[in-house]
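Excluded from the calculations below are hydrogen atoms, water molecules and symmetry mates; all remaining heavy atoms, backbone and side chain alike, are included. Every chain is numbered from 1, with letters handed out A, B, ... down the list of sequences. Predicted model only: the values in this text are computed from it and were never measured.
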Protein chains: 2
Amino acid sequence: MSLRYAILGSLSSCPSSGYDLALQFGLGLGWFWSASHSQIYPELKRLEEAGLIEGTLTTVGEKLEKRMYSITPTGIDSLVSFVTDSPNYPPNRDPERVQLIFSDLSSVENVRRHLEAHVRHYIKRRDVERPILDSIADGRHERVQMRLAGKAPAQQAFTILLRELAYGGDIERAELEIAWAQRALRALDEYVRRYPLTDEGKASARSSDSVAVDEHESDDARLA
Amino acid sequence: MSLRYAILGSLSSCPSSGYDLALQFGLGLGWFWSASHSQIYPELKRLEEAGLIEGTLTTVGEKLEKRMYSITPTGIDSLVSFVTDSPNYPPNRDPERVQLIFSDLSSVENVRRHLEAHVRHYIKRRDVERPILDSIADGRHERVQMRLAGKAPAQQAFTILLRELAYGGDIERAELEIAWAQRALRALDEYVRRYPLTDEGKASARSSDSVAVDEHESDDARLA
DNA sequence: TCCTGTCGTGTAACTTTATACATGTGTCTC
DNA sequence: GAGACACATGTATAAAGTTACACGACAGGA
């Protein structure tokens with residue numbers, strides 16, 4: 001049901017078309033909830049039927065139709081009751097970790113690649129989100145500005161605080177992932193130092209050519 | 001498709017019934033991938049048809065039927081190619097954050113409750129996972145022991161390392177969430193100190209009785 | 001004029017996940 | 001012997017999400 005409330009939330013900043021929302025779900029809001037236009041358009045219809053939003057048909061240029069939706073008072077009430085619910089935490093589904101815990105079937109090299117990709121992914125993410133946080137902090141962020149319009153200074157500060165917390169938390173998560181993966185890479189190095197010959201026996205776990213490994217078990221014993 | 005590989009991964013430690021797997025997906029493996037029995041049983045059939053696993057019918061007691069599945073060499077190959085893929089990161093869907101960023105429509109008190117619940121949630125999670133990590137680190141973890149069976153010491157150390165990294169990372173995530181939410185709570189206190197009267201005007205953002213807020217805007221100006 | 005890219009709105013088919021329904025056995029305790 | 005609870009396996013239905021298909025308008029430059 002969160003898609004519904006993400007839409008209501010976005011519309012509580014300013015009226016938008018389905019297209020606008022789809023962009024939002026790909027960019028700003030997309031850091032917290034993703035959705036594609038094929039999910040958004042039907043949901044907008046349902047929301048309008050339920051009276052939570054209101055659409056007006058406008059035209060761009062000569063013929064191009066555009067449906068602008070605004071949130072209704074009922075919609076606001078529904079959104080408020082959503083944010084007032086105690087937070088719910090969906091079941092864990094982390095494909096990256098599933099890969100990692102079963103990667104003992106592959107090689108140290110593979111895990112290294114995995115962790116390096118992890119670092120790159122979260123560095124990218126952090127580097128994209130940091131400027132957004134900055135622009136919120138110093139009042140340049142356009143969509144936040146819209147949300148602030150017509151509100152008292154105290155309310156404005158509250159809105160900004162919450163956004164900073166959300167983006168700040170996301171960036172911290174990214175930084176944790178980077179630090180974790182880098183430490184993991186060092187732990188891998190350490191492992192390879194301790195079991196030097198295993199690194200070459202990459203396929204050892206996959207097929208039964210564990211001869212090479214067995215051959216060097218004495219090395220393991222010596223080093224351990 | 002990760003359900004499929006989570007099942008294969010679990011079966012690569014030891015043969016299991018659908019029931020066993022459902023328990024796993026609720027406990028150990030469930031930290032990384034959740035699934036209910038209604039998803040598992042049909043998937044097991046598909047996996048058997050595809051030749052990735054093999055089921056044998058046994059009986060418990062007199063009549064109670066039990067289907068034990070083992071992973072086949074083809075299944076191992078499939079699993080290895082899964083863990084060898086570069087990690088993929090699913091779209092963001094974080095209902096807690098969606099609530100937070102639109103919580104400026106509710107009250108400081110509501111956000112405080114939200115953050116306190118967040119702290120409790122992740123404290124609980126950390127406290128459950130920490131002993132699991134410990135049991136892996138000192139070799140008491142039963143399912144990890146099964147996975148180690150018959151492997152060379154170097155391979156065993158590799159398996160243990162990966163599990164430690166996975167659980168360790170999860171615990172770090174929990175600790176980050178706790179620290180973040182606690183800092184957020186202090187930031188809320190700070191906000192209330194700066195805008196003292198807004199705290200009482202809880203409903204101000206919801207309805208249009210912003211009179212109370214407007215009345216005290218001079219206070220805001222004075223303090224800011 | 002054509003072409004490309006953005007703007008704009010939808011539907012169809014499929015996969016995945018959630019929730020509930022449905023049934024029966026084994027084991028232990030009161 | 002009855003009842004509670006873990007063991008064990010499924011199906012049905014609906015909701016949510018993904019991917020692809022489908023159409024057309026506008027604006028800009030080549």
Length of the line joining Asn88(A):CG and dT17(C):P, which is rounded to integer Å: 17 Å

Parallel, tilted or perpendicular, as decided by the 30° and 60° cut-offs, for the rings of Tyr41(B) and His37(B): perpendicular

Lys66(B) NZ - dT27(C) C1' separation (whole Å): 14 Å

Spacing between Glu65(B) atom CD and dG10(D) atom P, to the nearest angstrom: 9 Å

Geometric class of the Tyr89(A)/Tyr122(B) ring pair [parallel <30°, tilted 30-60°, perpendicular >60°]: perpendicular

Partner of Asp170(A) under salt bridge (charged side-chain N to carboxylate O under 4.0 Å, His left out), chosen from Arg163(A), Arg126(A), Arg125(A), Arg130(A): Arg125(A)

Minimum side-chain heavy-atom gap Met68(A)-Ser17(A) below 4.5 Å: yes

Thr74(A) and Asp77(A) side chains, donor-acceptor separation under 3.5 Å: no

N/O (side chain, Arg4(B)) to phosphate O (OP1/OP2, dT15(C)) under 4.0 Å: no

Pair Ser13(A), Arg147(A): side-chain N/O donor-acceptor within cut-off below 3.5 Å: yes

Residue pair Glu54(B) / Leu11(B), side-chain heavy-atom distance below 4.5 Å: no

Sugar-phosphate, base or nothing in reach of Ser36(B), heavy atoms under 4.0 Å: base

Electrostatic pair Arg183(A)-Glu172(B), nearest N-O below 4.0 angstrom: yes

Distance in angstrom units between Leu23(A) CG and dT9(C) P, rounded: 10 Å

Below 3.5 Å between N/O atoms, which protein atoms pair up with nucleotides 10-12 of chain C? Just atom names and distances, please.
from	atom 1	to	atom 2	distance (Å)
dG10(C)	O6	His37(A)	NE2	2.6

5'-most by nearest nucleotide on DNA chain D - Val60(A) or Arg46(A): Arg46(A)

Euclidean distance, atom CD of residue Glu43(A) to atom C1' of dT18(D) [Å, nearest integer]: 16 Å

Leu64(B) CG to dG10(D) P, straight-line distance once rounded to whole Å: 11 Å

Spacing of Lys63(A) atom NZ relative to dC7(C) atom C1', expressed in whole Å: 16 Å

Presence of Arg93(A) side-chain N/O under 4.0 Å of dA18(C) phosphate oxygens OP1/OP2: yes

Toward the 5' end of DNA chain D, by each residue's nearest nucleotide, Leu3(A) or Gly61(A): Leu3(A)

Arg173(A)/Glu129(A) under side-chain contact (heavy atoms from CB on, under 4.5 Å): CA gap, chis, key distance, verdict: CA-CA 11 Å; Arg173(A) 284 175 182 172; Glu129(A) 284 194 81; over 6 Å; no

Degree of bending, the helix from dT1(C)-dA30(D) to dC30(C)-dG1(D) (end axes from five pairs; round to 10°): 10°

Among dT18(D), dC26(D), dT9(C), the nucleotide that comes nearest once only the side chain of Pro91(B) is considered: dT18(D)

Spacing between Tyr19(B) atom OH and dG26(C) atom P, to the nearest angstrom: 15 Å

